[in-house]
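The next block holds one structure in the form of structure tokens; read it before the comments.
Just so we're clear, the structure is a prediction, and the values are computed from it rather than from any experiment. Quick note on labels: first sequence line is chain A, next is B, and so on, each numbered from 1. Note that these values count all heavy atoms, side chains included, but never hydrogens, waters or copies made by symmetry.
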Number of protein chains: 2
Amino acid sequence: MANIKDIARLAGVSASTVSRVINQSGYVNEKTRITIEKIMKQLDYVPNRNAVSLKTGRTGFLGIVAPYFNDSMNLLLSHFTMAAQKEGYNISLFMTLNDKNKEIQAFEMLRRKQIDAVLLLIRLNEWSVLEQYAKYGPVVTWQRLDSDIIHSVYMNQYDGYTLALEHLYKKGRRKIVNLYGNLESLNTRSRMKAYEDFCKKYNIHYNENFHGIASVKNGENMAQWWLKQKEKPDAFATLSDSVAAGLFTKAQEYGLDIPRDFSVMGFDDIEISRLLKLTTIHYPIDLQAKNAFIIIDNILNNKNTPSFPLSFHLVERKST
Amino acid sequence: MANIKDIARLAGVSASTVSRVINQSGYVNEKTRITIEKIMKQLDYVPNRNAVSLKTGRTGFLGIVAPYFNDSMNLLLSHFTMAAQKEGYNISLFMTLNDKNKEIQAFEMLRRKQIDAVLLLIRLNEWSVLEQYAKYGPVVTWQRLDSDIIHSVYMNQYDGYTLALEHLYKKGRRKIVNLYGNLESLNTRSRMKAYEDFCKKYNIHYNENFHGIASVKNGENMAQWWLKQKEKPDAFATLSDSVAAGLFTKAQEYGLDIPRDFSVMGFDDIEISRLLKLTTIHYPIDLQAKNAFIIIDNILNNKNTPSFPLSFHLVERKST
DNA sequence: TTGTAGGCGTTATCAC
DNA sequence: GTGATAACGCCTACAA
């Protein structure tokens with residue numbers, strides 16, 4: 001593999017001149033520039049990125065960190081990758097499973113200058129631990145977080161959930177069962193608050209809810225639960241399309257008629273909701289991804305690109 | 001950030017000795033080793049990987065290249081990542097979309113020593129072009145390829161498809177419609193051959209088939225097609241669970257009874273087939289991923305780990 | 001406009 | 001067992 005000195009020798013110049021041509025920095029005589037470029041092409045020369053990285057302290061790699069990847073996260077991943085690649089960055093992936101150490105290792109890469117920034121989808125360690133690393137490079141998260149150190153492209157679930165509840169109300173539903181996720185999570189809190197406010201607004205007192213309902217399986221179980229109730233609820237608001245899908249398919253299996261027997265609201269607008277024709281809440285993961293990159297790019301390169309505004313919207317299909 | 005010289009100075013030794021401790025190579029006095037290790041821990045020292053990479057010509061990064069990522073590919077990605085991380089490697093991701101140049105760029109990283117190996121899921125450029133890069137590092141593909149230069153973890157679709165057909169036969173189906181993918185692809189050829197041999201074996205002459213049927217949408221359209229037929233086929237063998245899912249859900253919408261009206265066979269055994277209870281063909285993507293890593297690891301580190309044997313199996317659910 | 005020299009942080013080859 | 005010393009390939013003051 002040819003290196004910068006080879007090029008310099010063949011062009012009859014010094015390495016620094018070649019470097020200037022490569023990086024388009026400083027002054028270079030037009031004629032010598034052309035000669036050098038020709039020789040680089042001839043020798044099929046490309047700079048050794050490891051040397052560049054050592055020297056500059058930047059690798060052009062951005063890290064994406066998550067315990068695992070599901071549909072929505074893949075969407076985020078795709079759009080972020082596209083945005084990054086467009087600007088010449090590459091992506092490195094860290095699947096932390098449920099290993100806090102793995103997550104730390106990923107952040108260590110930032111410290112070791114193996115990656116220039118981190119996009120954290122779902123965290124394992126405490127924020128206070130992760131914040132320590134922000135001094136080594138920009139850190140952006142998909143999760144809800146109010147911090148000056150770690151940036152967030154989070155969208156307040158309150159608005160989205162309210163949209164879902166309002167839709168069910170408009171469809172005449174008054175006995176809405178809320179299927180929440182993890183009680184500890186801030187998202188769940190937001191949703192609970194949304195339901196509380198919704199009830200106040202319409203003077204509703206029905207309050208049946210479950211938490212820890214996050215999987216297809218969990219959703220399926222809810223169908224059975226519904227069958228057993230005397231006072232039947234007329235709608236389910238869910239955490240995700242997966243939960244809704246489980247509930248919906250199981251209900252069909254039992255011969256129920258959705259939405260006549262009850263409505264099912266999904267959340268996320270992923271593939272499966274399209275397939276099963278579930279009404280759901282769409283949110284712009286693509287724009288979140290772009291915003292995440294914009295934040296990183298702004299910090300890394302002293303730019304000032306504005307973010308995209310984000311908003312939820314209802315996708316009405318046939319389950320409500 | 002402390003570097004190796006700082007450690008050396010504080011330990012009262014030379015950088016070389018510190019290096020020996022770090023890499024556990026050569027002889028180091030037990031006592032000095034302990035001192036050095038203590039100081040490294042104190043200063044929270046970690047070697048700068050860029051310097052290591054420059055020196056050794058290895059980065060510890062493995063590239064995964066694909067135009068996009070769907071369910072099966074994500075599964076492959078996960079398992080490969082886990083295997084790689086376990087051995088201290090990291091993953092970098094290249095989404096080529098449909099841009100041949102992007103794919104080349106990814107392979108260029110191999111040449112520039114930014115990554116140590118490539119796992120190629122779906123190619124865009126000609127094999128002959130990509131083979132050029134194999135001299136810069138191991139290249140493994142998920143696709144069918146018979147080459148000494150690029151390695152493959154492909155599984156012959158003939159066997160899997162035969163399994164599907166045999167199952168339908170056992171269920172009394174004799175008019176099986178084949179929904180093939182791209183006619184050009186070697187996979188399609190294998191499937192066609194499987195059907196041909198199947199017909200010979202059972203003396204079947206029915207031969208209705210379509211090609212280019214690869215999406216949910218395509219599957220949906222087949223439901224409508226079935227309705228319009230006078231001589232109704234009694235089964236569909238498909239390219240993928242997505243196609244099967246589209247066909248299945250649309251048929252249900254039309255009030256058809258699967259499998260009474262006709263059987264639907266999926267392929268892949270992804271989430272959606274579990275959800276919709278589609279009979280399908282499972283193949284061990286996890287093992288393919290592990291094998292891909294084993295091949296790379298063997299080459300990179302002169303190991304000789306044997307691969308896992310791979311085989312298809314039938315997952316019988318309710319659509320047949 | 002170009003060249004020189006020094007350094008980025010490691011590893012590897014020798015001597016000692 | 002240990003320590004100089006020379007790479008690895010590039011960038012960047014500074015000098016010319």
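One interatomic measurement links the two molecules: CZ of A:R49 to P of D:dC10, which rounds to 11 Å at whole-angstrom precision. When rounded to the nearest whole Å, the span between OH of A:Y27 and P of C:dG3 equals 17 Å. Here D:dG9 presents its P atom at 13 Å from CD1 of A:I7, a figure rounded to the nearest Å. What separates CD1 of B:I36 from P of D:dG1 is a distance of 13 Å, to the nearest Å.
Between B:F107 and B:Y133, the two ring planes are tilted [angle within 30° to 60°].
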Tell me, for nucleotides 7-16 of chain C in 5' to 3' order, what letter each nucleotide earns: B for a base near a protein heavy atom under 4.0 Å, S for only sugar-phosphate near one, - for neither? BBBBBB----

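Proximity of a side-chain donor or acceptor of A:R58 to a complementary backbone N or O of A:L300 within less than 3.5 Å is detected. At least one donor-acceptor pair under 3.5 Å links the side chain of B:N125 to the backbone N or O of B:K100.
More than 12 heavy atoms of other residues, nucleotides or ligands sit less than 6.0 Å from atom NZ of A:K135. Other residues, nucleotides and ligands contribute at most 12 non-hydrogen atoms within 6.0 Å of the CG atom of B:D146.
A heavy-atom distance below 4.5 Å is not found between the side chains of A:D116 and A:F61.
Between D:dT2 and B:T32, a contact under 4.0 Å exists linking OP1 or OP2 to a side-chain N or O.
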